[in-house]
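Working notes, structure below.
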There are 2 protein chains.
Amino acid sequence: MATQKNHHHEHHYKEKDRHLVAVDSIIFGFDKEKLQILLIKRNFEPCLGEWSLMGGFLKKEESLDDAATRVLYRLTGLKNVYLEQLYTYGDLNRDPGARVLSTAYFALIDIEKYQEQLSDRYNAKWWDIEKFPDLIFDHNQMVDRALRRLQRRTRNQPIGFELLPEKFTIPQLQALYEAIHRREMDKRNFRKKILSYDFLDRLEEKDKSNSKKGAFLYKFNEKKYKELVQRGYSFEI
Amino acid sequence: MATQKNHHHEHHYKEKDRHLVAVDSIIFGFDKEKLQILLIKRNFEPCLGEWSLMGGFLKKEESLDDAATRVLYRLTGLKNVYLEQLYTYGDLNRDPGARVLSTAYFALIDIEKYQEQLSDRYNAKWWDIEKFPDLIFDHNQMVDRALRRLQRRTRNQPIGFELLPEKFTIPQLQALYEAIHRREMDKRNFRKKILSYDFLDRLEEKDKSNSKKGAFLYKFNEKKYKELVQRGYSFEI
DNA sequence: CCAAAAGTGTTCAGCTTACACCCATGA
DNA sequence: TCATGGGTGTAAGCTGAACACTTTTGG
């Protein structure tokens, strides 16, 4: 990869327009029943007092991914969470305050790990994905797109686990899938399918928080999943 | 949507870093046998003489989509082509000359409509997707991602037709799908499937360029496809 | 002892896949 | 007349979907 610079080259970049670039994150969580998104009530202009996604401006010395990670950390105190670039919104007047491009990311976090105290600083609140307030700018579109992407991803990549605690039960996992895909599933078929891939390890423990009988806890086994992929099989549910 | 500006608000944007933003296009074509991409040999620094995607810088007064459309038009002389945003590449050192973000788009064009004379100005050349030179920066990654996206899109949206002339034969369509998905398909099954959706209109004409017997020409019927979608059916091949 | 959630198998329909021969025609 | 690509139907296997009862145990 050539790195030489010459006069012609410098000139090439110098005369071009420069732009404000933001990142905005759709943060998904799951409260054991419903799919949720984390929104903030803006305490700054424009659109002070309205609800929006968490965002921030891209800095000179950071990559887009780093900016998204930084913004997410600032709001949730979490690192090493699932974060995926979604789409870049570049319409001229999407932000009434200035011409700003925004690259949207979506994140999947274990809602239990979320540090409540951080909510206050940003007026953050979890909202049910089925019922949340109108958002500023084009943030509604971003959420729509994120949900569709999440639906697609969870169908053929085992990333749903990112929304659950490390140990979870099959009924919890099914409830998560039902919330994401907005439809009920047959519990026999669901269990049969998910266990057939053999990448979930059943533990000895049971979770009795939802029933007297208790449900076995499982853990996602990354190694087994990778072996599955290597063998050419692909997960689909 | 509030549009008021105040001091606080102006301040909010003013202190932020601004960035160079480019768009780069992966332009796909199909020559009745192989899937191709249109590349240019750079006649400017950096990386003069190396092969790259066609690109350009985003201007102050245009949307990202407009920029992609403009860049595509400049190289091909074509408008109203299928163009879809792919991904935004934002690593710090992806362009050795300066910190430049790039939003990649991919385009599907009918190679017959491509105006050859435009090639010269940009040293453009069609390359077989299976065998093209190493590209500058992260452009190889862009092509990889575009091909995967194209494979996915053509599986469940009838956009493959964008790569063919208005009238095409079933064997031509099958050859296109085989090129995109890099695998041979059974001609009976392919024909059965694609015709079962009933959104292709068979014309009276035959194309005899490939055989003595000749193959019937078909046209994609957008209206019938939309009806299919409305009925809740979805195309998949 | 009973309510409430966890757990378990089988059947049927529809779809995908594999597969082989005749047709039309220009040279 | 023959070589070449166009066009057609059927059977087997697999997968997804539908469906009802037993188990466990805390209250």
Side-chain angles (χ1 to χ4, degrees), chain A residues 31-34 151-152 154-156 164-165 167-198 200-219 228 231-237, chain B residues 31-34 151 154-156 164-165 167-179 181-198 200-219 228 231-237:
Chain A
D31 73 347
K32 309 221 167 202
E33 190 176 350
K34 298 195 161 181
Q151 289 171 339
R152 180 158 57 79
T154 50
R155 252 195 297 278
N156 45 37
L164 295 173
K167 302 172 182 180
F168 52 87
T169 68
I170 303 291
Q172 279 165 15
L173 185 62
Q174 181 176 346
L176 170 64
Y177 270 78
E178 291 181 334
I180 292 175
H181 294 99
R182 294 172 157 161
R183 65 189 175 88
E184 299 200 338
M185 300 176 181
D186 180 276
K187 63 176 176 170
R188 281 166 292 192
N189 293 339
F190 183 85
R191 179 184 294 267
K192 203 189 313 173
K193 188 83 188 248
I194 199 84
L195 290 179
S196 74
Y197 293 109
D198 196 37
L200 295 186
D201 291 337
R202 195 176 90 170
L203 310 179
E204 291 309 309
E205 306 167 69
K206 281 189 163 190
D207 170 11
K208 298 204 168 183
S209 61
N210 285 309
S211 72
K212 292 156 186 173
K213 183 179 179 182
F216 278 108
L217 286 163
Y218 289 78
K219 260 184 163 170
L228 184 76
R231 288 202 303 280
Y233 288 87
S234 72
F235 167 66
E236 189 161 328
I237 200 148
Chain B
D31 71 347
K32 309 218 168 205
E33 191 177 349
K34 297 195 164 181
Q151 289 171 338
T154 51
R155 252 196 297 276
N156 45 36
L164 295 173
K167 302 172 181 181
F168 52 87
T169 68
I170 303 291
Q172 277 164 17
L173 185 61
Q174 181 176 346
L176 170 63
Y177 270 79
E178 291 181 335
H181 293 101
R182 292 174 160 161
R183 65 189 175 90
E184 300 201 337
M185 299 176 182
D186 180 276
K187 63 177 176 171
R188 279 167 292 194
N189 295 338
F190 182 84
R191 179 183 294 266
K192 202 187 315 172
K193 189 84 189 247
I194 199 86
L195 291 179
S196 74
Y197 294 109
D198 197 37
L200 295 185
D201 291 337
R202 195 176 90 170
L203 309 179
E204 292 309 309
E205 307 167 67
K206 281 190 162 189
D207 170 10
K208 298 203 169 184
S209 61
N210 285 309
S211 72
K212 293 156 185 174
K213 181 178 179 181
F216 279 108
L217 286 163
Y218 288 79
K219 260 183 163 170
L228 183 76
R231 289 202 303 279
Y233 289 87
S234 71
F235 167 67
E236 190 162 328
I237 200 149

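Lettering follows sequence order; numbering is per chain, from 1.
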Which whole-number value in Å describes the distance from A:Ile170 CD1 to C:dA5 P?
-> 18 Å

Taking the side chain as every heavy atom from C-beta outward, state whether B:Phe216 and B:Thr169 have any atom pair closer than 4.5 Å.
-> no

In B/S/- notation, 5' to 3', how is nucleotides 11-17 of chain D contacted by protein heavy atoms closer than 4.0 Å?
-> -----SB

Starting from C1' on D:dG6, measure out to CG on B:Leu217 and report it in whole angstrom.
-> 13 Å

Figure out the OH/P separation between B:Tyr218 and D:dG6, and round it to whole Å.
-> 12 Å

Of A:Lys206 and B:Leu195, the one whose closest nucleotide on DNA chain D sits nearer the 5' end is B:Leu195

In whole angstroms, the gap separating C1' of C:dG7 from CG of A:Asn210 amounts to 15 Å

Do any side-chain nitrogens or oxygens of B:Lys208 fall under 4.0 Å of OP1 or OP2 in C:dG26?
-> yes

Test: A:Glu178 and A:Arg183 ion pair at under 4.0 Å | no

May I ask you to check whether B:Phe168 and B:Tyr218 place their ring centers less than 6.0 Å from one another?
-> no

Does a side-chain heavy-atom distance below 4.5 Å link B:Glu236 with B:Tyr197?
-> yes

Separation of atom CD in B:Gln174 from atom P in D:dT8, rounded to whole Å = 13 Å

Answer yes or no: is there a donor N or O on one side and an acceptor on the other, between the side chain of A:Lys32 and the main chain of A:Leu176, under 3.5 Å?
-> no

Would you mind reporting whether A:Leu217 and A:Lys206 have side-chain heavy atoms less than 4.5 Å apart?
-> no

Taking C-beta and beyond as the side chain, do B:Leu200 and B:Ile170 meet within less than 4.5 Å on heavy atoms?
-> yes

Is any side-chain N or O of A:Lys213 under 3.5 Å from a base N or O of C:dA6, one able to act as donor and the other as acceptor?
-> yes

Figure out the CD1/C1' separation between A:Ile194 and C:dG7, and round it to whole Å.
-> 16 Å

Among D:dC19, D:dG6, C:dG26, find the nucleotide with the atom closest to the side chain of B:Lys187.
-> D:dG6

Rounded interatomic separation in angstrom, taking CZ from A:Phe216 and C1' from C:dT8 | 13 Å

Rounded to whole angstroms, how far apart are CG on A:Asp186 and P on C:dA6?
-> 14 Å

A:Arg188 vs B:Lys212, nearer the 5' end of DNA chain C by closest nucleotide = A:Arg188

